[in-house]
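One structure is given below, encoded as structure tokens.
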Amino acid sequence: MVDEAFADLVRRTSARFYQLALRMTGNPSEAEDIVQETYLRAHLALSEGEFEDRAALDTWLYRVALNASIDVLRRRKRWAFFRAVFRPENEAAERTEAHAVLRETAALLSLLPPEQVGALVLTQVEGLSNAEAARALGCSEGAVEQRLIRARAGLRRRGET
Amino acid sequence: MNEDGLREQLTAYRDATGGLAPPATLVPDILAKVPRRARARRFVRDAQAAVVVAAVVGAGGGVWAAVETTRVQRQLGVQVSAWADGP
């Protein structure tokens, strides 16, 4: 029964969570890992009967996918030095025009702290309102507005240097 | 980058990522792997909890231990008190 509900959940939501993770990280392989981790938590929650309400489960999972993406961005910052030294190539990055935009924007977003990336992607790319983004990020609406102001200022500063 | 440039870049990003679908293997992969990993993770977590509870029961740990013992016994189907002298 849990596995049926789980399969239904995955088929219904995987494309949406994949796109969220992709937009947050700009990296297809990291997005796949994030989606796997998100469903791992979903399976645990379903098998423990934590969610009777489908909408509540979807909202919770959206937050899980978002937080997993922010964790990946934080880990990236920690390993930035090594990546700069060893320069691993992104295998899919140059294949299509879409991947070129992906890489270019991901490079731009990587200049910002993960929380600011979250606010910017949710409101400007995912199309959430500030209030919805605040709920997803677990912060106040004012905090989202602050993060957006700082993100824009940060990108403007980088553009001037 | 100015405000217009940023808006343009993010719009292009939304369009580009909107067109990128998850790989066809992603859903079958999740359905095959995730339930196994979830069961393994749950087993490890419950086993760890059982060891902690057994240690507390052994040390005469009171109400918390009694509540946790009941929970873990139900989940694992074992008598935790039998582990008080060691699993």
Side-chain angles (χ1 to χ4, degrees), chain A residues 2-3 6-7 9-24 26 28-29 31-32 35-48 92 96-106 108-109 111 120-121 123-127 151-152 154-160, chain B residues 1-54 64-78 80:
Chain A
V2 167
D3 284 344
F6 179 70
L9 175 77
V10 173
R11 289 194 194 97
R12 192 164 47 79
T13 57
S14 56
R16 183 170 163 231
F17 294 146
Y18 175 78
Q19 291 210 332
L20 172 68
L22 188 60
R23 285 167 168 172
M24 284 293 292
S29 355
E32 283 179 47
V35 172
Q36 295 263 3
E37 179 61 28
T38 301
Y39 286 115
L40 189 58
R41 295 196 205 173
H43 196 281
L44 289 167
L46 277 173
S47 58
E48 286 170 10
T96 62
E97 196 182 324
H99 279 106
V101 174
L102 195 66
R103 201 172 80 134
E104 199 180 305
T105 314
L108 188 71
L109 295 178
L111 301 170
L120 202 61
V121 167
T123 57
Q124 310 297 305
V125 183
E126 290 276 301
R152 290 196 182 99
L155 292 174
R156 224 176 7 249
R157 260 198 316 277
R158 256 83 181 205
E160 285 162 5
Chain B
M1 174 175 282
N2 64 25
E3 191 64 31
D4 286 345
L6 176 62
R7 196 174 303 119
E8 207 173 288
Q9 178 85 38
L10 292 175
T11 303
Y13 190 53
R14 185 181 56 223
D15 295 345
T17 48
L20 293 174
T25 53
L26 185 65
V27 169
D29 255 18
I30 290 168
L31 294 179
K33 287 183 196 160
V34 165
R36 283 204 308 273
R37 283 176 59 201
R39 275 189 278 272
R41 191 177 277 193
R42 198 161 52 246
F43 177 79
V44 168
R45 191 197 60 197
D46 289 345
Q48 284 170 337
V51 169
V52 171
V53 169
W64 176 83
V67 172
E68 279 298 288
T69 303
T70 308
R71 189 180 71 81
V72 173
Q73 278 179 174
R74 198 175 57 241
Q75 283 182 1
L76 295 182
V78 295
V80 173

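Below, chains carry the letters A, B, ... as their sequence lines are ordered, and counting in each starts from 1.
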Minimum heavy-atom distance between A:Ala15 and B:Pro22, given as atom pair plus value: CA-CG, 3.8 Å
List the atom pairs, with distances to 0.1 Å, where a side-chain N or O of residues 24-39 of chain B and a protein N or O form a donor-acceptor pair under 3.5 Å, not counting sequence neighbours.
from    : atom 1 : to      : atom 2 : distance (Å)
B:Arg36 : NH1    : B:Ala32 : O      : 3.0

Between atom CZ of B:Arg41 and atom CG of A:Leu40, what is the distance when rounded to the nearest 0.5 Å? 4.0 Å
Please flag which part of A:Glu104 lies under 4.5 Å from any non-hydrogen atom of chain B: side chain, backbone, both or neither. both
Counting only non-hydrogen atoms closer than 4.5 Å, does A:Gln124 touch chain B with its backbone (N, CA, C, O), its side chain (CB onward), both, or neither? both
Please classify the contact of B:Leu6 with chain A as side chain, backbone, both or neither, using a heavy-atom distance under 4.5 Å. side chain
Contacts table for residues 14-21 of chain B: side-chain donor-acceptor under 3.5 angstrom, sequence neighbours left out:
from    : atom 1 : to      : atom 2 : distance (Å)
B:Thr17 : OG1    : A:Arg23 : NE     : 2.8
B:Thr17 : OG1    : B:Tyr13 : O      : 2.6
B:Thr17 : OG1    : B:Arg14 : O      : 3.2

With respect to chain B, which residue among A:Thr105, A:Val101, A:Leu22 yields the maximal number of heavy-atom pairs within a distance under 4.5 Å? A:Thr105
